[in-house]
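Quick note: numbers below take in every heavy atom, side chains included, and nothing from hydrogens, waters or symmetry partners.
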Amino acid sequence: MKPLIGHFKLQQLTKTIYQKHYINELEKKYKPSTVRLLHDLFKIAINAAVEEEILTRNKLHGTVLPSLRGKEADKNYLTPEQLSLLLNHIKQHEDIAYYSLFLTIAYTGMRKGEALGLQWRNIDFTNQMISIERYRGSNGVDSTKTKNSERTIKIDEVVLQQLKSYRTAVKALLLSHDRKLHDDITKDDSFIFIFPNNIEPFASTGLNATFNRFVEVVGLPATTIYGLRHTHATILMNNDIPVKAIAERLGNTHEIIHTTYGHILREMEDKIIDI
């Protein structure tokens, strides 16, 4: 803050000066989330100045900040080949719970919290469908993020068979702890993905470090669990699946798809011209 705008008196600091000398300069060096964090920190100082009557009002309202959505998917995804390498490593070297979870996210595009919120009764093995009804994060279980997020999607044979195998493994694991699953899966409200050592549902926070370790061991570019969702979307787009169908599958609006994956859609436009 000080090197960029420290020489301005607070009374001199207009929104135009702040935008040009601070926000625009920060954007040249830092990612959008960092720029927004630094802006939030500076707002604390400005609000304190208003509170102390050094300023009459906060003149920084309406500052144009960099979009998080436009950048979040730019590099945070894997190619189909990289995804196969990662999943094969997890399948061969890690517990079936991790493989089942990350395979499900990668092959459905659901959010991590949506996957962690799945209960066995949400799986329709007969019709090959998964119903996404809730979100489970660091603050516990809640409804899905938006109205569009509550949805039922089709799953392929790979995911279906893996979930069947995993349910068998979970039954054996629970029996070793003198517990068991409900015999009728349509009434089984236990969470699907559980820790292999203590049979508690996976915690949202610890999974990130675990996933990062898997990515690093395989030698892939830094990718987050959310990157599996981006991977799912980019693979669909690169195979000419309509944006409307992708939005419905991901539980997003068309506008969010266009904003988040604009770079891929622009590449598709070039492909259209070539065709």
Side chain to side chain contact (heavy atoms under 4.5 Å, CB included) partners for [X], two or more places apart:
X	answer
I241	L236, A245, I246
E25	L4, K28
N198	F195, E200

What pairs with [X] under ring-ring contact (aromatic ring centres under 6.0 Å, His included), at least two apart in sequence or on another chain?
X	answer
H232	none
F125	none
H258	none
H254	none

- Task: Under 4.5 Å between side-chain heavy atoms, chaining through other members, with only Ile, Leu, Val, Met, Phe, Trp and Tyr counted: pull out the rest of the cluster around F191, sorted by chain and number.
- Result: V141
Table please: side-chain donor-acceptor pairs of residues 207-215 below 3.5 Å, with sequence neighbours left out.
unit_1 : atom_1 : unit_2 : atom_2 : d
N208   : OD1    : K112   : NZ     : 3.0
T210   : OG1    : G206   : O      : 3.3
N212   : ND2    : N208   : O      : 3.2

Would you mind writing out the side-chain donor-acceptor pairs for residues 47-55 within the sub-3.5 Å range, not counting sequence neighbours?
unit_1 : atom_1 : unit_2 : atom_2 : d
N47    : OD1    : N58    : ND2    : 3.3
N47    : ND2    : K43    : O      : 3.2

- Task: Mind checking side chain to side chain donor-acceptor pair (under 3.5 Å) for K244 and listing every partner two or more places apart, or none if nothing turns up?
- Result: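 So K244 forms a side chain to side chain donor-acceptor pair (under 3.5 Å) with E248.
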- Query: Using a distance-only test with no angle check, is there a side-chain donor-acceptor pair under 3.5 angstrom linking H230 and Y261?
  - Reply: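 H230 vs Y261: donor-acceptor pair found between side chains.
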- Message: Enumerate the salt bridge (charged side-chain N to carboxylate O under 4.0 Å, His left out) contacts for residues 150-172, please, sequence neighbours excluded, ordered by first and then second residue.
- Response: E114-R151, R167-D188
